[in-house]
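Note sheet for the following structure.
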2 protein chains.
Amino acid sequence: MSKKSNSKVLAGLERVGGFASAQELHLVLNRDSESIGLTTVYRALQSLVDEKAVDILRKEDGEAIFRLCGATHHHHLVCKSCGKTVEIEGGVIEKWAEQSGAENGFRDIGHTAEIFGICAAC
Amino acid sequence: MSKKSNSKVLAGLERVGGFASAQELHLVLNRDSESIGLTTVYRALQSLVDEKAVDILRKEDGEAIFRLCGATHHHHLVCKSCGKTVEIEGGVIEKWAEQSGAENGFRDIGHTAEIFGICAAC
DNA sequence: ACCCATAATGAAAATGGTTGTCATTTTCAT
DNA sequence: ATGAAAATGACAACCATTTTCATTATGGGT
Ligand SMILES: [Zn+2]
Ligand SMILES: [Zn+2]
Ligand SMILES: [Zn+2]
Ligand SMILES: [Zn+2]
């Protein structure tokens with residue numbers, strides 16, 4: 001029966017596209033007339049992470065954010081002033097992370113990387 | 001005057017050696033007859049992070065942990081299981097960030113990048 | 001269809017790290 | 001010494017997440 005809430009949450013993540021926090025997801029789902037409780041969203045996300053259908057990361061402030069596993073992986077260039085965001089190709093980073101991890105005997109390697117600055121308009 | 005609490009906290013971090021949470025640090029400091037409030041520990045850590053004297057990372061549960069940081073810019077490879085940390089040379093990343101930013105007309109470019117995985121011992 | 005054991009759900013309360021408030025204390029220049 | 005400004009810390013507020021617990025849905029056995 002947890003199947004139902006799991007697929008609701010997965011659908012929500014698809015709709016969102018990229019990362020979303022549990023609470024954002026809860027809002028999105030209920031906005032679209034999918035009645036689901038916040039607790040259940042947390043539980044569904046937890047089990048989806050356990051079965052590796054969903055990735056979990058942490059924002060700088062410590063809040064957990066989730067995304068579909070296998071969603072196209074990319075990185076962001078964000079303007080510190082106006083928030084404008086550009087999606088960046090990160091092939092170099094993927095190699096760097098894999099290689100650095102492997103050289104040090106690590107497995108299950110993941111990474112985070114963000115670029116920030118001031119955009120031309122600001 | 002924040003100098004005083006900052007150096008107390010730095011001393012605490014030295015004593016601890018590796019990573020410590022704000023609350024652990026608060027305990028350690030007061031155990032060693034350094035009377036300092038928890039709020040002040042948080043503030044000192046915050047300002048030390050701002051001035052890049054201290055690194056901040058997140059445990060899996062989202063709690064912030066801190067440690068002394070060398071002056072040279074570098075990145076981290078962290079074990080998700082035991083917390084073991086390796087400092088990584090990030091020349092590739094610096095170039096990637098600078099170039100991606102410049103290509104999109106951004107200036108004052110900075111970046112964050114972390115690698116995580118499971119270490120050989122775990 | 002009916003029972004019942006079991007799992008799922010979600011509202012509300014509890015938890016816990018972190019941040020905000022504000023009165024008090026310390027520092028420092030005059 | 002005096003006042004302004006910065007620093008401090010006890011306490012309360014905040015907020016994401018977890019725990020409780022009462023209710024509801026599910027599904028197999030009869
Ligand atoms: Zn901008
Ligand atoms: Zn994106
Ligand atoms: Zn990447
Ligand atoms: Zn390890």
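Computed over heavy atoms, backbone and side chain alike; hydrogens, waters and symmetry mates excluded. Sequence lines set the chain letters: A, B, ... in the order given, protein chains first and strands last, and positions in each chain run from 1.
- For A:His26, there are no ring pair (Phe, Tyr, Trp, His ring centres under 6.0 Å) partners two or more places apart in sequence or in a different chain.
- Not a single salt bridge (Lys or Arg N to Asp or Glu O under 4.0 Å) links A:Glu94 to another residue, sequence neighbours left out.
- Here B:Glu114 pairs with nothing under the salt bridge (Lys or Arg N to Asp or Glu O under 4.0 Å) rule; sequence neighbours left out.
- The nearest whole Å value for the distance from the NZ atom in B:Lys4 to the P atom in C:dT26 is 9 Å.
- Atom NZ in B:Lys3 sits roughly 11 Å away from atom P in D:dT8 (whole-Å rounding).
- The interatomic distance linking A:Lys8 (NZ) with D:dA25 (P) rounds to 12 Å, in whole Å.
- The base of C:dG20 does not come close enough to the side chain of B:Arg43 for any donor and acceptor atom to sit less than 3.5 Å apart.
- Whole-Å rounding puts the B:Leu48 CG to D:dA7 P distance at 13 Å.
- For the pair A:His26 NE2 and C:dT9 P, the computed distance is 13 Å after rounding to whole Å.
- In DNA chain C, consecutive stretches of 3 or more Watson-Crick or G-U wobble pairs with both distances under 3.5 Å are given as paired ranges: C:1-30 with D:1-30.
- Clustering of Ile, Leu, Val, Met, Phe, Trp and Tyr by side-chain heavy atoms under 4.5 Å joins B:Leu38 with B:Tyr42.
- Other cluster members for B:Leu27: none, since no ILVMFWY side-chain heavy atom sits under 4.5 Å from it.
- The CD atom of A:Glu34 sits 15 Å away from the C1' atom of C:dT9 (whole-angstrom rounding).
- Residue A:Leu45 contributes atom CG, which lies 15 Å from atom C1' of C:dT9 at whole-angstrom precision.
- No donor-acceptor contact under 3.5 angstrom links the side chains of B:Asn30 and B:Ser35, judged on distance only.
- Cluster partners of A:Leu45, by chain and number: A:Val9, A:Leu10, A:Leu13, A:Val16, A:Leu25, A:Val28, A:Leu29, A:Ile36, A:Val41, A:Leu48, A:Val49, A:Val54, A:Ile56, A:Phe66, A:Leu68. The rule joins Ile, Leu, Val, Met, Phe, Trp and Tyr whenever side-chain heavy atoms lie under 4.5 Å apart.
- Rounded to whole Å, atom P of C:dT19 lies 11 Å from atom CG of B:Asp50.
- The six-membered or imidazole ring of B:His111 lies near that of B:His75, with a centre-to-centre distance under 6.0 Å.
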Every protein N/O within reach of nucleotides 15-18 of chain D N/O, cut-off under 3.5 Å:
{"from": "D:dA16", "atom 1": "O5'", "to": "A:Gln23", "atom 2": "NE2", "distance (Å)": "3.3"}
{"from": "D:dT17", "atom 1": "OP1", "to": "A:Ala64", "atom 2": "N", "distance (Å)": "2.8"}
{"from": "D:dT17", "atom 1": "OP2", "to": "A:Tyr42", "atom 2": "OH", "distance (Å)": "2.7"}
{"from": "D:dT17", "atom 1": "O5'", "to": "A:Tyr42", "atom 2": "OH", "distance (Å)": "3.4"}

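- The salt bridge (Lys or Arg N to Asp or Glu O under 4.0 Å) search around B:Arg15 returns B:Asp32, not counting sequence neighbours.
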